[in-house]
Amino acid sequence: MILLDLTGGVALLLWGLHMVRSGIVRAFGSDLRRFLGLALRNRFLAFLAGILVTALLQSSTATGLMTASFVTGGTVDLVPALAIMLGANVGTTLIVQVLSFNVSAVAPLLFLVGVTAFKRGGTTRARDLGRVAIGVGLMVLSLHILLDTLAPAENAPAVRALLQAITDEPLLCLLMAAALTWAAHSSVTVVLLAMSLSFSNFITPVATLALILGANLGSAINPLIEGSQSDNPASRRLPLGNLLNRLAGCALVLPFLHTIANFLMQLEPNPSRMAADFHTVFNVALAVVFILPLNGLAALLTRFLPDRPKPNDLSTPLYLDETALATPSVALVCAARETLHIGDIVETMLRRARAALMTDDRKLVAEICEMDDAVDKLDEAVKLYVTKLTRESLSERDGHRAREIISFSINLEHVGDIIDKNLSELAGKKAKRRLQFSPEGAAELEAFHKHILENLRVAFGVFMAGSVEDARRLIRDKAYLRNAEIAAAERHFERLREARAETLETTSIHLDVLRDLKRIHSHICSVAYPVLDAVGATSAGEVAESDSISLGAPRSTPS
């Protein structure tokens with residue numbers, strides 16, 4: 001019964017940690033990730049950011065996944081990322097410090113506040129914060145259960161003899177705690193369990209410190225295992241660097257555990273407080289020792305795990321990291337970056353279609369066909385990746401972002417189809433017949449292509465940053481381009497009435513290109529509607545106003 005109660009208390013503690021982490025991720029996941037991105041400017045700012053984010057998430061693994069997404073993509077240096085992990089290790093000690101005091105009396109209040117916010121919260125964020133309060137309450141309650149469970153067992157000689165036999169050797173304690181932490185995916189749980197055993201006098205102070213060392217070591221194993229599932233070596237550098245830091249710290253401290261335990265017991269007779277203090281001091285000391293030599297460690301990791309060669313196959317996804325699916329805010333950024341990768345290929349296709357139309361280069365037509373196949377495969381990969389993510393419960397914001405990503409990916413795939421099935425076919429027909437556009441007609445088509453390429457880049461910005469002003473610009477330009485197409489067609493008919501030879505020969509190709517470019521522009525502009533919907537800026541009146549832009553209206557430019 002004691003063993004059953006003990007495992008039940010640990011399970012309750014794990015569930016409380018899960019509720020805290022999931023609540024914070026749902027409420028502030030995207031904000032925390034942006035905050036980490038801003039903090040990755042220097043190692044000291046990154047260290048402080050790691051403390052703050054992990055103190056909120058109660059998971060150095062979640063912080064590591066967010067940071068690894070920056071490192072894997074090559075957008076930040078490995079040194080500040082390693083500094084964030086040093087801060088993350090310190091951040092996990094803060095909740096242990098709080099729970100080392102007798103705070104069991106606040107558990108009912110936390111449950112009351114959490115359930116009220118969860119049931120009656122007017123916003124999604126309020127419900128998520130209610131989940132956090134319930135999770136903290138469960139952690140406090142689980143500690144109370146653990147202490148109450150161990151109290152009657154204190155008089156059982158067999159239990160005491162068993163635990164003393166298991167924990168008699170510090171190295172064995174360290175390895176056992178590392179294995180438990182790996183299995184539980186939580187160093188906080190193992191540290192709190194060690195504190196409970198120590199408070200009930202089941203294990204010696206030396207064994208307590210050895211268990212805490214093992215918990216710190218074990219927490220660095222899971223991120224490395226998850227990172228190894230990716231075929232990109234860059235994704236393994238950060239967790240491996242974190243594991244090396246922990247190994248070095250444990251190797252330095254383990255021989256002196258008896259001396260450290262005697263010294264700490266003189267300062268803090270309370271076994272639980274002593275264990276919490278050691279946990280904090282160990283991680284702070286690691287940060288002090290390793291934060292300056294991080295450049296050498298980063299260079300060693302980069303040499304040991306060099307960048308993989310860029311794939312020749314365009315259809316190979318570059319950013320869809322399967323290990324990030326456990327953290328929705330990170331996975332959505334991976335999906336968004338892959339969608340931008342699709343956009344880069346589509347932009348190249350559009351440029352080559354323009355060149356093929358103007359230069360009659362048939363090789364470009366074949367290249368466009370290959371790139372369209374790659375776009376189709378990448379679009380399927382993005383949709384499958386986001387679908388895996390949406391199988392789990394997402395916050396309202398993350399769910400909205402998931403729909404935006406799928407929608408833009410589909411529209412880019414449609415643009416690729418238009419370029420491949422229509423524009424490149426028209427370019428091939430023109431080259432085969434050795435036709436030439438009139439100088440005026442060629443200039444019109446060049447201007448259309450340039451205008452659409454500019455707006456494609458604006459659409460990328462709207463997709464990533466959600467700029468309302470740029471979204472309005474796209475909608476205004478949609479009406480402008482429609483009127484410009486009508487004007488270009490009228491000028492083309494004027495040239496036909498003049499019986500100009502080039503115009504007569506290319507009339508169907510010219511008009512079809514104009515029509516296809518307008519269709520492409522419509523798909524590009526679709527990215528603006530979710531942004532404007534979010535601020536209530538797509539009313540019928542505004543759309544009607546943009547549709548009524550006159551032919552002579554000047555083209556809008558960014559402010």
Side-chain angles (χ1 to χ4, degrees), residues 10 13-14 17 50-51 54 58-65 67-68 82-96 166-195 197-198 203-228 236-258 260-261 264 274-291 293-294 297 300-301 304:
V10 172
L13 180 59
L14 282 171
L17 276 169
I51 294 176
T54 308
Q58 284 310 305
S59 172
S60 58
T61 301
T63 305
L65 282 173
T67 310
L82 289 168
I84 275 189
M85 292 311 300
L86 291 176
N89 299 335
V90 175
T92 58
T93 70
L94 299 183
I95 189 65
V96 173
I166 294 176
T167 60
D168 191 47
E169 178 58 45
L171 180 59
L172 179 62
C173 287
L174 185 149
L175 297 175
M176 182 174 63
L180 286 174
T181 304
W182 167 76
H185 283 63
S186 171
S187 62
V188 174
T189 302
V190 177
V191 170
L192 292 176
L193 178 61
M195 288 167 53
L197 293 171
S198 180
I203 57 176
T204 64
V206 173
T208 303
L209 301 190
L211 288 173
I212 291 174
L213 284 180
N216 280 278
L217 180 62
S219 66
I221 297 175
N222 277 311
L224 183 62
I225 293 175
E226 294 180 11
S228 65
R236 297 191 287 275
R237 291 174 191 159
L238 183 63
L240 180 59
N242 185 43
L243 178 61
L244 291 175
N245 285 336
R246 297 293 185 98
L247 279 171
C250 291
L252 290 172
V253 173
L254 187 63
F256 306 102
L257 279 187
H258 287 84
I260 295 172
L264 289 178
M274 183 271 294
D277 291 342
F278 174 74
H279 185 40
T280 302
V281 170
F282 173 73
N283 283 286
V284 171
L286 278 185
V288 171
V289 170
F290 286 105
I291 197 165
L294 286 180
L297 178 60
L300 181 65
L301 291 168
F304 181 68

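Just the heavy atoms: all of them, side chains too, but no hydrogens, waters or symmetry mates, feed the values below. All figures in this text were calculated on a predicted structure; none of them were measured in a lab.
Distance CZ/R237 to CG/L224: 14.0 Å, rounded to 0.5 Å. Note that the CG atom of L209 and the CZ atom of F278 stand 5.0 Å from one another [nearest 0.5 Å]. In this structure, the separation between CG on L197 and OG1 on T204 is 11.0 Å, given to the nearest 0.5 Å. In this structure, E169 CD and M176 CE are separated by 11.5 Å, a value rounded to the nearest 0.5 Å. With rounding to the nearest 0.5 angstrom, the CG atom of N245 is 10.0 Å from the CG atom of L240.
Shown here are the side-chain hydrogen bond (donor to acceptor under 3.5 Å, both in side chains) partners of S187, two or more places apart in sequence or in another chain: there are none. In this structure L94 satisfies the side-chain contact (heavy atoms from CB on, under 4.5 Å) test together with I51, A55, sequence neighbours excluded. In terms of the side-chain contact (heavy atoms from CB on, under 4.5 Å) criterion, residue partners of T189 (sequence neighbours excluded) are, by chain and number, V10, L13, L14, L17, S186. Applying the side-chain contact (heavy atoms from CB on, under 4.5 Å) test to L175 and every residue at least two apart in sequence or in another chain returns L171. For T54, the side-chain hydrogen bond (donor to acceptor under 3.5 Å, both in side chains) partners two or more places apart in sequence, or in a different chain, are T63. Under the side-chain contact (heavy atoms from CB on, under 4.5 Å) criterion, A275 pairs with M195, T208, I212, sequence neighbours left out.
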Residues L297, L294; criterion side-chain contact (heavy atoms from CB on, under 4.5 Å); working and verdict = CA-CA 5 Å; L297 178 60; L294 286 180; 4.3 Å; yes
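Pairs passing the salt bridge (Lys or Arg N to Asp or Glu O under 4.0 Å) check and including a residue from residues 177-186, sequence neighbours excluded, do not occur. Legend: salt bridge (Lys or Arg N to Asp or Glu O under 4.0 Å) pairs involving residues 274-288, not counting sequence neighbours, sorted by first then second residue: R273-D277.
The shortest side-chain heavy-atom distance between L213 and L257 falls under the 4.5 Å cut-off. With a 4.5 Å cut-off on side-chain heavy atoms, L301 and L244 count as touching. Between L238 and L82, some side-chain heavy-atom pair lies under the 4.5 Å cut-off. Contact check for S219 versus T92: no side-chain heavy atoms found under the 4.5 Å cut-off.
The two residues C173 and L211 come nearest to each other via the heavy atoms O-CD2, 3.5 Å. Between C250 and L217, the shortest heavy-atom contact is SG-CB, 4.1 Å.
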Below 3.5 Å, can you tabulate the donor-acceptor pairs from side chains in residues 282-291 to any protein atom, sequence neighbours excluded?
{"unit_1": "N283", "atom_1": "ND2", "unit_2": "N216", "atom_2": "OD1", "d": "2.9"}
{"unit_1": "N283", "atom_1": "ND2", "unit_2": "H279", "atom_2": "O", "d": "2.8"}

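With hydrogens and angles ignored, the 3.5 Å screen pairs a side-chain donor or acceptor of T280 with a backbone N or O of A276. The backbone N or O of A177 lies less than 3.5 Å from a partner atom in the side chain of T181, making a donor-acceptor pair.
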